[in-house]
There are 2 protein chains.
Amino acid sequence: MEKLSTRDRIIEAAYTLFSEKGYHGTSTREIAKTASVSEVTLFRIFGTKESLFEEVLKTKSIIPDLLAMIRDVENYSLEDLLFSLAKRFYYTLVSKKKFIMITFSEVNQYSEKIIDIYQKLIDQIDELLVRIFSKYKNSNRNFDLKIIAMAFRGMIFDLFLTNEILLRKDITKSEINRILSSYVKIVLNSIE
Amino acid sequence: MEKLSTRDRIIEAAYTLFSEKGYHGTSTREIAKTASVSEVTLFRIFGTKESLFEEVLKTKSIIPDLLAMIRDVENYSLEDLLFSLAKRFYYTLVSKKKFIMITFSEVNQYSEKIIDIYQKLIDQIDELLVRIFSKYKNSNRNFDLKIIAMAFRGMIFDLFLTNEILLRKDITKSEINRILSSYVKIVLNSIE
DNA sequence: CATGTAAGTAAGTAATCACTTACTTAATTT
DNA sequence: AAATTAAGTAAGTGATTACTTACTTACATG
C-alpha cells in the first residue's frame, strides 16, 4: 500500500462516497472521517465542498484512459483488433465505475460539464471505429458504418451498465470475453 | 388539462424534482411548493419523505409499460416485428425517462429494489427476443441467440441513454427510426 | 344544522448542514 | 534555535433539513 498525501486521502474518500451516495447524500464530515482527517483540514485544502467535488472529477476522469485506448490501437487482423478494443473499452469502464456513477447521478446538476466529457469521447470512439471498418470493408451495404460503430459501442457500454451497475452480477472474465467476442462477430457480419 | 388530486399533484412534483435533483437534493418544502400544496399536507398524506419516494417509484414504474410491450407482440415478418419492437422499446424508455433517471441516481441507496425492477425485465425481454429469433433462424451459427438478444437490447438502450440522458441531443424521430431500422438489419445479418 | 373531511397557516422542534474562528501541536526547514 | 508548515482540537456560526403541534378555514355530507 502506498502512503497517500492528506489531499489524496480526502479525494479518495470523496470519490468513493460521492459515487455511493451522490453529492448531496455525502457530508463533508463523513468525507473527513473516512479519510482520517479533520474536517477543518478538508476545508483548508479545498475551500468548499463544491470545489472538492470538481477536483474529484478532474482527478478521476475517465477521459485520459479512453483517449489512451484510442491512441494505442495496433495493427492486428480486423477481428483481433475489434476484440482487443472491445476488451480495453469494457475494462476501462469497469476501472472507472465510480466516476461513471458520479456523472450519472449528477447529470442534471452538471449537465454542461458532463455533456462536454462524454460528447467528445463518444464522437472520437465512433470515428476510430469507422476508420477501422472502412479499411477492411468489402461491400457497400445499405447502412452506413457510423451506425455500426454506434451499435458496437452501445452493446459494450450496455453490457457494462447492466452487469456492473444495475445488476451487479458476478460474471466471470471468461464469460465477459465470450460475449465480447460474439459482439465482434455480429459487427463483422455487418461489414464483411 | 386534467384536474389532479392533491395526492397526485404531490407525486407529480416529487417525480419531476427527484429526477432532476435526486432524492437528497430535493427538499419536502420544494416539493410542496411545486405542487401548490402546504408542506403539512404532504406529511399528512405520505408520513415521511422516504415513503413519498417509494410511492413515486410505485406509481411511475416502467415495469407495466415494458410488460405490455412484451405481451403485444404481433405476427409480422421478422424484420417488421423486430423494428416495431425496437421502436416500442425506445419510445417507452423515452416516456419513462424521469423514472430511469431516478433509479440510476439512487441505484446505490436502493440497490435491492432496483435490481429487482430491472433483473426481471431484462430477462423477459431477452427471452422474448430469443423466442422470436429461434422461430425464424435458418442456420446454426457459432454464437447463441441469447447473446444476439443482449446485443440488440443493448444497442437500443444505449441509443436512448446517449441521446436522451447524457447528450440531450435534439435528434429527429425519423433519424431515430433510421438508426433503429439499421440496428434491426445488423441483428438480422447475424441470425439469417 | 351539525359533523366530518381535506386542506391551510403559523410556529417551532432537534438535528444536521457547510463552513469559520481561534488556538494548539508536531515535524520540517532555514 | 527560530521560523515555517501541516496538521489537529474545540467551539460555534447561521441556514436548512425532515417533521410536528395546535389551531383554523371551507366545503360537503348526513
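Predicted, not measured: the structure shown is a model, and the values here were computed from it. Labels below follow one simple rule: chain letters A, B, ... track the order of the sequence lines, proteins then strands, and each chain is numbered from 1.
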> Please give, in whole Å, the distance from C:dA7 C1' to B:K33 NZ?
Replying inline: 20 Å

> Whole-Å distance between C:dA18 C1' and A:R29 CZ?
Replying inline: 9 Å

> When we call it a touch if two heavy atoms are under 4.0 Å apart, what does B:S38 touch: a base, just sugar-phosphate, or nothing?
Replying inline: base

> Tell me: CD of B:E30 to P of D:dT16, nearest whole Å?
Replying inline: 12 Å

> Out of C:dA10, D:dC19, D:dA7, which has the shortest distance to the side chain of B:V40?
Replying inline: C:dA10

>> For A:F160, does the six-membered ring have the charged nitrogen or CZ of A:K96 within the cation-pi criterion, i.e. under 6.0 angstrom from the centroid and within 45° of the normal?
In response: no

> What nucleotide, of C:dA18, D:dC19, D:dT9, holds the atom closest to the side chain of A:T28?
Replying inline: C:dA18

>> Could you tell me how far apart B:K49 (NZ) and D:dT16 (C1') are, to the nearest whole angstrom?
In response: 12 Å

> D:dG8 C1' sits how many Å from A:R9 CZ, rounded?
Replying inline: 12 Å

>> Looking at A:E175 and A:R178, is any side-chain nitrogen of the basic one under 4.0 Å from a carboxylate oxygen of the acidic one?
In response: yes

> How is B:S36 classified with respect to the nucleic acid when contacts are heavy atoms under 4.0 Å: base, sugar-phosphate, or nothing?
Replying inline: sugar-phosphate

>> Please determine whether a side-chain nitrogen of the Lys or Arg among A:E55 and A:K58 lies less than 4.0 Å from a carboxylate oxygen of the Asp or Glu.
In response: yes

> Between B:D8 (CG) and C:dA6 (P), how many Å, whole number?
Replying inline: 14 Å

> Taking the six-membered ring for Trp, is the centroid-to-centroid distance between A:Y76 and A:F83 below 6.0 Å?
Replying inline: no

> Roughly, in whole Å, what's the span from CD in A:E50 to C1' in C:dC19?
Replying inline: 14 Å

> B:R44 has an atom CZ; how far is it from atom P of C:dA7, in whole Å?
Replying inline: 9 Å

>> Taking the minimum atom-to-atom distance to the side chain of B:T41, which one of D:dA7, D:dG8, C:dG8 wins?
In response: C:dG8

> Side chain of A:E39: nearest nucleotide among C:dA7, C:dC19, D:dT17?
Replying inline: C:dC19

>> Between the side chains of A:K33 and A:E30, is the shortest nitrogen-to-carboxylate-oxygen separation below 4.0 Å, so that they form an ion pair?
In response: no

